[in-house]
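No experiment lies behind these values; they were computed from the predicted model shown. In listed order, ligands and their atoms are each counted from 1.
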Amino acid sequence: MTDMGLVVVGAAGRMGRTLIRVIAETPGARLVGAIEHEGSPVLGQDAGVLAGLPALGVPVTDDPLTAFAKAQGVLDFTIPAATIGFAEIAAQARIVHIIGTTGLSVDEEARIDAAARHAVIVKSGNMSLGVNLLAALVRQAARALDADFDIEIAEMHHKHKIDAPSGTALLLGEAAAEGRGVALADVAIRSRDGHTGARPRGAIGFAALRGGSVVGEHSVLFAGEGETIGFSHHAADRSIFARGAVKAALWALGKKPGRYSMADVLGLSD
Ligand SMILES: NC(=O)C1=CN([C@@H]2O[C@H](COP(=O)(O)OP(=O)(O)OC[C@H]3O[C@@H](n4cnc5c(N)ncnc54)[C@H](OP(=O)(O)O)[C@@H]3O)[C@@H](O)[C@H]2O)C=CC1
Ligand SMILES: O=C(O)C1=N[C@H](C(=O)O)C[C@H](O)C1
C-alpha cells in the first residue's frame with residue numbers, strides 16, 4: 001500500500017516543526033505539503049530543513065488548495081480562525097483533517113461540526129495517549145465520588161500560549177462533568193478574582209499558570225473533607241502530541257465522514 005500523504009499547516013510553529021519530524025520517522029506516512037500564512041518569512045524554505053532534518057523536497061507555501069489536492073490528510077495545529085478556513089478546504093477536498101488547535105469559540109466549534117458532515121475530522125485538545133487515558137480515569141473517579149468532593153483542574157504552559165484554560169484542561173473538565181452527569185458549561189468556574197464568595201457545591205474550577213518553556217502540566221484534584229485525590233500528567237516533549245496526531249490520521253483514512261475524538265482513535269471511548 002502507498003504511504004498516506006500528509007500536509008502540515010502552521011509548518012513553522014512549535015507543533016508544525018515537531019509534526020514534520022514525526023512524519024519523517026513514521027512508517028506509512030509521508031509529508032507532501034507544508035503551509036504557512038501569506039507573508040510568512042519561511043515561505044519557499046524546505047520543510048525538512050525548517051524542522052532540523054535533511055531536505056525533504058517539500059517547500060513551504062501559502063497555497064493550501066493546491067497542497068490539499070494532492071494529499072489524503074492535513075495536520076492542523078494553528079489558530080482558530082485558520083483552522084475554520086482549513087476545515088472548509090479539507091471538506092471540499094474530501095481529505096482527513098486532524099485538528100489540535102485549541103481555544104475555539106462555541107460558534108467556531110459549530111463550524112467544525114458542519115465541516116464534519118462532509119469530511120473525516122479528528123479533533124482533540126490533547127493528542128497524547130497519557131492525557132486521553134487520564135481523562136478516562138477522571139470520568140470514572142467523578143462517577144464514583146459525589147459532589148462532596150470539589151473538582152479543581154490546574155494547568156501550566158509556556159509563556160507563548162495564547163488561550164486559557166488549555167484545551168486539555170477543558171477536555172479533563174468535560175470528562176469530570178460527564179462522570180458527574182452534568183454539563184460542564186453549567187458548573188465551570190474558569191477563573192477567580194476578588195471577593196468571589198464561597199465555592200458553590202458541584203462546581204468544577206480551573207486555574208491557569210503561564211511561564212518559561214513548560215510544555216504542558218495538568219492536574220485534577222478531587223478535594224473532600226479530610227482527603228484529596230489527585231491525578232496528573234506531565235508532558236516532557238511535544239512529540240507525544242505529534243505522534244498522536246499522525247496515528248489519528250492513519251486511523252481516520254477510509255472512515256465515514258464525521259467528527260471523532262482521540263478516545264475513538266485510541267479505543268478509550270466508553
Ligand atoms: N491538541 C494537542 O495535542 C495540542 C494542541 N496544541 C495547540 O496547537 C496550537 C498551536 O500551538 P503551537 O505550535 O505551540 O503554536 P505556534 O504559534 O508555535 O504555531 C502556530 C503556527 O501556525 C501559523 N499560522 C497562523 N495562522 C496561519 C494561517 N492562516 N495559515 C497557516 N499557518 C498559520 C503561525 O504562524 P505565525 O507564528 O507567523 O503567526 C505558527 O507558525 C495551539 O492552539 C495549541 O494550543 C499544541 C500542542 C498539542
Ligand atoms: O499550547 C500548547 O503548547 C498546548 N496546547 C494544548 C492545550 O491547550 O491543552 C495541549 C498541550 O497541553 C500543549
Side-chain angles (χ1 to χ4, degrees), residues 7-22 33-43 45 47 50-51 60-65 67-68 74-90 97-105 108 112 121-132 134-135 153-174 206 208-220 232-249 261-263 265-266:
V7 176
V8 172
V9 293
R14 282 173 287 274
M15 278 305 297
R17 293 173 203 239
T18 312
L19 286 160
I20 292 166
R21 290 192 291 274
V22 167
I35 300 296
E36 264 296 336
H37 57 84
E38 206 183 311
S40 164
V42 305
L43 294 179
Q45 275 190 39
L50 182 67
V60 181
T61 79
D62 59 1
D63 179 7
L65 238 68
F68 289 14
V74 51
L75 307 181
D76 178 353
F77 290 69
T78 57
I79 55 171
T83 292
I84 296 307
F86 292 134
E88 281 163 18
I89 305 172
H97 189 186
I98 307 301
I99 304 176
T101 309
T102 57
L104 277 70
S105 66
E108 288 166 336
I112 299 297
I121 293 179
V122 181
K123 182 173 183 298
S124 175
N126 195 304
M127 301 273 175
S128 74
L129 170 63
V131 158
N132 284 282
L134 179 64
I153 301 176
E155 52 108 335
M156 181 162 186
H157 285 86
H158 54 93
K159 61 186 172 193
H160 304 290
K161 185 160 178 63
I162 56 174
D163 57 310
S166 68
T168 309
L170 293 170
L171 179 160
L172 294 169
E174 290 287 358
F206 292 87
L209 305 181
R210 295 288 175 266
S213 60
V214 175
V215 174
E217 301 289 332
H218 291 89
S219 58
V220 182
S232 65
H233 182 266
H234 162 73
D237 193 288
R238 288 187 175 82
S239 60
I240 61 171
F241 313 127
R243 285 201 302 270
V246 175
K247 189 184 187 103
S261 69
M262 272 315 277
V265 174
L266 298 169

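No option in L134, T102, N126 other than N126 meets the side chain to side chain contact (heavy atoms under 4.5 Å, CB included) test with T168. When M156, E217, K161 are each tested for a side chain to side chain contact (heavy atoms under 4.5 Å, CB included) with S166, only one passes: K161.
Protein heavy atom at the shortest distance from atom 22 (O) of ligand 1 is G10 CA, 3.4 Å. Atom 1 (N) of ligand 1 has its closest protein heavy atom at S124 O, 3.0 Å. Nearest protein heavy-atom contact of atom 41 (O) of ligand 1 is E36 OE2, 2.6 Å. Among protein heavy atoms, the minimum distance from atom 36 (P) of ligand 1 is reached at H37 NE2, 3.4 Å. Looking from atom 20 (C) of ligand 1 to the surrounding protein, the closest heavy atom is F77 O, 3.8 Å. Among protein heavy atoms, atom 30 (N) of ligand 1 sits closest to F86 CZ, 3.4 Å. For atom 6 (C) of ligand 2, the closest heavy atom belonging to the protein is G125 O, 3.6 Å. Counting only heavy atoms of the protein, atom 19 (O) of ligand 1 lies nearest to G13 CA, 3.3 Å.
Between H157 and H218, the two ring planes are perpendicular [angle over 60°; tilted spans 30° to 60°].
By the 3.5 Å distance cut-off applied to N or O atoms, H158 is not counted among the residues near ligand 1. At least one N or O atom of T168 sits closer than 3.5 Å to an N or O atom of ligand 2. Inclusion of G125 in the set of residues having an N or O under 3.5 Å from an N or O of ligand 1 is warranted. Here's the thing with G100: one of its N/O atoms is less than 3.5 angstrom from an N/O atom of ligand 1. For the pair A82 and ligand 1, the shortest N or O to N or O distance does not fall below 3.5 Å. The N/O atoms of G216, backbone and side chain alike, include none that comes under 3.5 Å of an N/O atom in ligand 2. Close N/O approach between H218 and ligand 2 is not found [any backbone or side-chain N/O within under 3.5 Å]. Any N or O atom pair closer than 3.5 Å counts here, and S128 shares no such pair with ligand 1.
Looking at R14, R238, K161 and measuring to atom 14 (O) of ligand 1, the nearest heavy atom belongs to R14. Between atom 9 (C) of ligand 1 and the options T78, D163, V60, T102, the minimum heavy-atom separation is to T78. Distances from atom 7 (C) of ligand 2 to the heavy atoms of G167, S124, A169 show the closest one on G167. Of the candidates M127, H160, M15, the one placing a heavy atom closest to atom 11 (O) of ligand 1 is M15.
Of all the atoms in ligand 1, the ones that sit under 4.0 Å from a non-hydrogen atom of A12 are 41 (O). Heavy-atom contacts of H158 reach the following atoms of ligand 2: 1 (O), 2 (C), 3 (O) (cutoff under 4.0 Å).
By the criterion of a heavy-atom distance under 4.0 Å, the side chain of I79, and not its backbone, is placed next to ligand 1.
Donor-acceptor pairing under 3.5 Å is recorded for the side chains of T101 and T83. Under the 3.5 Å distance criterion, with hydrogens and angles disregarded, no donor-acceptor pair is assigned to the side chains of D63 and T61.
For the pair F77 and L19, the tightest heavy-atom approach, listed with the atom from each and the gap, is CD1-CD1, 3.6 Å. When all heavy atoms of I35 and A67 are compared, the closest pair comes out as CD1-CB, 3.8 Å. In terms of heavy-atom proximity, L172 sits nearest to V131 at CD2-O, 4.3 Å. Annotation for G103 and E108: closest pair O-OE1, 4.2 Å, computed over non-hydrogen atoms.
In this structure, NE2 in H158 is found 4.5 Å from CZ in R14, a value given to the nearest 0.5 Å.
Proximity of V215 to ligand 2 is established by a heavy-atom distance of less than 4.0 Å. The shell of residues lying under 4.0 angstrom from ligand 1, judged by heavy atoms, excludes G167.
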